[in-house]
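Read through the structure below, which is laid out as structure tokens, and then see the notes.
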2 protein chains.
Amino acid sequence: MQVKDYQIRAQIAKALAHPSRLLILDALQEHELCVCELTKLVGSDQSTVSKHLALLKNAGLIEDHKQGNNIYYRLLCPCISKFFTCLEEVVHQKIQKYQEAGKSASESACKCLRNSI
Amino acid sequence: MQVKDYQIRAQIAKALAHPSRLLILDALQEHELCVCELTKLVGSDQSTVSKHLALLKNAGLIEDHKQGNNIYYRLLCPCISKFFTCLEEVVHQKIQKYQEAGKSASESACKCLRNSI
DNA sequence: TGGCTATATGGTAAAATAGCCATATAACCA
DNA sequence: TGGTTATATGGCTATTTTACCATATAGCCA
């Protein structure tokens, strides 16, 4: 693979690398939602959510369509669920590793959390 | 899912969101490699590569073991290949979309690249 | 038309990230 | 022991990302 390819792939990965955007993608797995619904869900400023959506769209992960006064977003890439599964596996493995080291699962989750903040 | 869970998952996704780190993970799919080998491969400063590795390790994606004077890193999570497949699908879909819009694949690849830089 | 609602965009400040240099640490070898 | 190699870490700067506010745009409805 070429350097260029890794850059393209990194852009997509970057789009996945924010809690609010993961929440949005997760919600969109069920059915499409408009910006105002997603804004309520995420709990950030409407402009912030709008920018998250623009970023996801730009990465090719979602698409939008207008319906009256609203703009609805829907998942474009069904493989997202595979990605979530992958994340699950890592998290699970991480917790297991800490347990093996004699620590509790909650401790390890806390560590993950601290690192991610 | 809880907000906390999305934060943990975002940390893992963030670890994947850099061309050099994707290159490293890809290389480690074959077999384990020491830091000096990875440094040559990536072409950045040794300290930079070391920090990328620390980040990947912290995310739970790789682990290290010492052997003599070298430290070898190996992939901890075989599901990484699934993630790469997921990225492939998005990239492919993106290119297809541009082609449908009457543009060439190279144009779309360039656009991805520009956006990712 | 005027006002209301939904969404996107520009500006800006704060925080996070990336990269390099210098340096610390640890293992090996002569 | 002293020198060399491999790796990690602290410090610093430049860049990127994020979030909010203010505002622009567009569609709807009375």
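What's counted below: heavy atoms across the whole structure, side chains too, no hydrogens, waters or symmetry copies. We name chains A, B, ... by the order of the sequence lines, and we start the count at 1 in each one.
Of the two residues contacting DNA chain D, namely B/Lys51 and A/Gly43, the nearest-nucleotide position lying further toward the 5' end is that of B/Lys51.
Both distances falling under 3.5 Å, in either a Watson-Crick or a G-U wobble arrangement, place D/dA30 opposite C/dT1.
Within the 4.0 angstrom heavy-atom criterion, no nucleotide atom of any strand lies near A/Tyr72.
In this structure the side chain of A/Asp64 never reaches within 4.5 angstrom of the side chain of A/Leu53, judged on heavy atoms.
Sorted by residue number, the members of residues 19-41 of chain B with any non-hydrogen atom under 4.0 Å from DNA chain D read B/Cys34, B/Val35, B/Cys36.
Contact between the side-chain N/O atoms of B/Tyr73 and the OP1/OP2 oxygens of D/dA6 is not found at any separation under 4.0 Å. For A/Ser50 and C/dA8, the shortest distance from a side-chain N or O to OP1 or OP2 is below 4.0 Å. Put simply, A/His18 has a side-chain N or O that comes within less than 4.0 Å of OP1 or OP2 on D/dA19.
B/Asn58 places its CG atom 13 Å from the P atom of D/dA8, with the value rounded to the nearest Å. Following rounding to the nearest Å, B/Ile71 (CD1) and C/dA27 (C1') show an atom-to-atom distance of 10 Å. Taking atom CG of residue A/Leu16 and atom P of nucleotide D/dT18, one finds them 12 Å apart after rounding to whole Å. Following rounding to the nearest Å, A/His65 (NE2) and C/dT7 (P) show an atom-to-atom distance of 12 Å. Remark: C1' of C/dA27 and CG of B/Asn70 are 10 Å apart, rounded to the nearest angstrom. Counting to the nearest Å, the C1' atom of D/dT18 and the CD atom of B/Gln7 are 14 Å from each other. Rounding to whole angstrom units, CG of residue B/Leu55 and C1' of C/dT17 are separated by 9 Å. When rounded to the nearest whole Å, the span between CG of B/Asp64 and C1' of D/dT9 equals 15 Å.
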Self-check item: Stepwise side chain to side chain contact (heavy atoms under 4.5 Å, CB included) check, B/Leu61 with B/Leu16
Solution: CA-CA 9 Å; B/Leu61 296 169; B/Leu16 298 164; 3.9 Å; yes
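Panel note: side chain B/Glu37, backbone B/Cys34; a donor-acceptor pair is recorded below 3.5 Å. Listed for the B/Arg21 side chain is a donor-acceptor partner under 3.5 Å among the backbone atoms of B/Ala15. Between the side chain of A/Ser50 and the main chain of A/Gln46, no donor-acceptor pair closer than 3.5 Å is present. Put simply, the side chain of A/Thr48 never gets that close to the backbone of A/Ser44: no donor and acceptor are under 3.5 Å apart.
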Exercise. Heavy atoms under 4.0 Å is the rule here; annotate nucleotides 22-30 of chain D 5' to 3' with B where the base is hit, S where only the sugar-phosphate is, and - elsewhere.
Key: B---SBS--
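We find the CG-CG distance between A/Leu28 and A/Leu38 to be 5.5 Å, quoted to the nearest 0.5 Å.
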Which atom pairs, donor and acceptor, lie under 3.5 Å between side-chain atoms of residues 67-78 of chain B and protein residues at least two apart or in another chain?
| residue | atom | partner | partner atom | Å |
| --- | --- | --- | --- | --- |
| B/Arg74 | NE | B/Glu63 | OE2 | 3.0 |
| B/Arg74 | NH1 | B/Glu32 | OE1 | 3.1 |
| B/Arg74 | NH2 | B/Glu63 | OE2 | 3.4 |

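Note on B/Leu55: it does not cluster hydrophobically with B/Ile62, by side-chain heavy-atom contacts below 4.5 Å among ILVMFWY residues.
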